[in-house]
Amino acid sequence: MADDDLDLNSLGDDDLVAQMHDDLYDGLKQEIEEGVRILLGRGWAPYDVLTKALVEGMRIVGVDFRDGILFVPEVLLAANAMKAGMTILRPLLAATGAPRVGRMVIGTVKGDIHDIGKNLVTMMMEGAGFEVVDLGVNTDADRYIAAIREHKPEILGMSALLTTTMPYMKVVIEELKTQGLRADTIVLVGGAPLNEAFADFVGADAYCRDAATAVETAKALVARRQGSALVASA
Ligand code: B1M
């Protein structure tokens, strides 16, 4: 047991999830790992553990960070605890046996080091059968372009969590055009401060509000492109 005072196993599902929100808030990595294992052991789907226990917990952290109740060091601990939980879930989300449907290069844009959402998108895309090349954080246009030339993905995914870094997506898309790569690359963008209007403004193909939407959008746009290619070659 990770906590001497509280046996997480003794809690019902709702209380356990509420406790996990508190533990994430307090950055208690071991407790989060234990909670994730308990929920999985009770037959919870990995996606439900992810969204109901971890993502919702991080949403609460975000509110208090915004309101000046939590500060960077505390939020970093919460992020580490969340990542520990995601590490347990990752192989389970990836092991769906889905046939390979395409490849995506993804990265958080230059100046931005938030990577939890991007990592979540990566996990879900892998689970849906996409091969994902993850460039990490603080990715400049040159690195995106080099990765596209090297890996020839159908999709480029960009993540930004800051209003100050999201405009950089336009820089990358303009560079794709300059280099003659835009027409062959589906560009998907996401991150908490974005919306559809912004995606239109920067010239992306679609805005994805969450990881599940990213998967659905990627599948639909890749299928549409493959359909057009078949028609063109007929
Ligand atoms: Co930062 N931070 N942070 N932070 N941080 C935010 C983003 C903020 C909204 C907090 C707040 O004020 N409420 C605020 C931004 C305000 C703004 O721009 N208007 C903020 C700030 C200000 C900062 C600093 C400037 C703080 C400082 O230093 N004074 C600093 C900036 C550092 C930098 O990047 N240069 C900073 C630092 C940090 C930490 C390092 C402490 C930590 C990051 C740790 C890490 O990622 N490894 C951190 C965190 C954790 C947050 C919050 C609390 C949580 C972000 C998160 O992980 N959410 C965040 C508050 C918030 O977002 N409400 C905040 C959970 C995650 C699952 O959601 O990332 O939205 P999200 O991803 C979703 C969707 O958006 C979508 O799918 C995901 C899954 O469903 N999605 C995509 C995301 N990317 C996608 C890409 C796609 C598709 C979908 O491509 C196809």
Side-chain angles (χ1 to χ4, degrees), residues 21 24-25 27 29 47-87 89-90 93 102-128 130 132-140 144 153-169 172-173 185-196 198-199 202 204-222:
H21 295 164
L24 195 75
Y25 192 96
K29 181 176 164 212
Y47 183 69
D48 286 343
V49 179
L50 183 67
T51 51
K52 293 180 183 160
L54 301 185
V55 174
E56 174 57 14
M58 190 49 88
R59 188 192 65 75
I60 298 165
V61 169
V63 171
D64 279 5
F65 190 25
R66 178 195 65 207
D67 295 344
I69 297 165
L70 286 179
F71 296 94
V72 169
E74 289 117 317
V75 178
L76 261 180
L77 284 177
N80 283 343
M82 170 131 186
K83 284 187 174 184
M86 283 165 64
T87 302
L89 296 172
R90 182 174 196 143
L93 286 165
R103 184 178 293 147
M104 176 172 77
V105 162
I106 192 168
T108 303
V109 299
K110 184 178 167 184
D112 200 322
I113 62 166
H114 295 85
D115 66 354
I116 293 175
K118 168 189 67 62
N119 295 347
L120 232 150
V121 172
T122 298
M123 281 164 48
M124 297 280 296
M125 292 288 286
E126 287 174 347
F130 284 87
V132 181
V133 179
D134 184 352
L135 304 178
V137 297
N138 194 23
T139 312
D140 66 20
Y144 283 118
E154 287 86 356
I155 299 170
L156 169 65
M158 288 190 277
S159 179
L161 267 286
L162 299 172
T163 45
T164 49
T165 57
M166 57 192 230
Y168 193 74
M169 291 175 167
V172 177
I173 292 173
T185 313
I186 297 166
V187 180
L188 303 183
V189 295
L194 276 65
N195 56 31
E196 274 174 29
F198 180 78
V202 296
D205 289 291
Y207 158 68
C208 308
R209 77 171 174 281
D210 56 27
T213 309
V215 168
E216 290 315 312
T217 310
K219 279 189 189 164
L221 293 183
V222 167

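Just follow the structure's listing: the first ligand is 1, and inside any ligand the first atom is 1.
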> In the protein, which heavy atom is nearest to atom 68 (O) of ligand 1, and how far is it?
Replying inline: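 Minimum-distance protein heavy atom for atom 68 (O) of ligand 1 reads Gly117 CA, 4.4 Å.
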
>> I need the nearest protein heavy-atom contact for atom 50 (C) of ligand 1: residue, atom name and distance, please.
In response: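 Here the closest protein heavy atom is Val75 CG1, 3.4 Å.
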
Under 3.5 Å, is there a donor-acceptor pair between the side chain of [X] and the main chain of [Y]?
X      : Y      : value
His21  : Lys52  : yes
Glu126 : Met123 : no
Asp112 : Leu162 : yes
Thr165 : Gly111 : no
Tyr47  : Met124 : no
Thr139 : Thr108 : yes

> Below 4.5 Å, heavy atoms only, C-beta onward: do Ile173 and Met158 meet side chain to side chain?
Replying inline: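 A side-chain contact exists here, since the closest heavy-atom pair is under 4.5 Å.
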
>> Measuring only between side-chain heavy atoms, which start at C-beta, is Glu74 closer than 4.5 Å to Phe65?
In response: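 When only atoms from C-beta onward are counted, Phe65 and Glu74 do not touch, as no gap falls below 4.5 Å.
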
Atoms in ligand 1 with a heavy atom of [X] nearer than 4.0 Å:
X      : answer
Lys83  : 47 (N)
Asp210 : 76 (C), 77 (O), 80 (O)
Ala79  : 44 (C)
Leu188 : 90 (O), 91 (C)
Leu120 : 67 (C)
Asp112 : 34 (O)
Cys208 : 88 (C), 89 (C)

N/O separation below 3.5 Å, [X] to ligand 1:
X      : answer
Gly111 : yes
Thr163 : yes
Ile113 : yes
Val61  : no
Thr164 : no

> Cut-off 3.5 Å, side chains only: do Thr122 and Asn119 have a donor facing an acceptor?
Replying inline: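 No, Asn119 and Thr122 have no side-chain donor paired with an acceptor closer than 3.5 Å.
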
Please confirm whether [X] comes under 4.0 Å of ligand 1, counting heavy atoms of the residue only.
X      : result
Arg209 : yes
Arg59  : no
Pro193 : no

> What are the two closest non-hydrogen atoms of Leu221 and Ala206, and how far apart are they?
Replying inline: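 What the structure gives for the nearest pair is CD1-CB, 4.4 Å.
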
One residue to check: [X]. Relative to ligand 1, which of side chain, backbone, both or neither has a non-hydrogen atom less than 4.0 Å away?
X      : result
Met58  : side chain
Val121 : side chain
Ile116 : both

> Of the options Ile106, Leu188, Val132, which is the one that meets Ile155 in a side-chain contact (heavy atoms from CB on, under 4.5 Å)?
Replying inline: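 Testing Ile155 for a side-chain contact (heavy atoms from CB on, under 4.5 Å) against Ile106, Leu188, Val132 leaves exactly one candidate, Leu188.
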
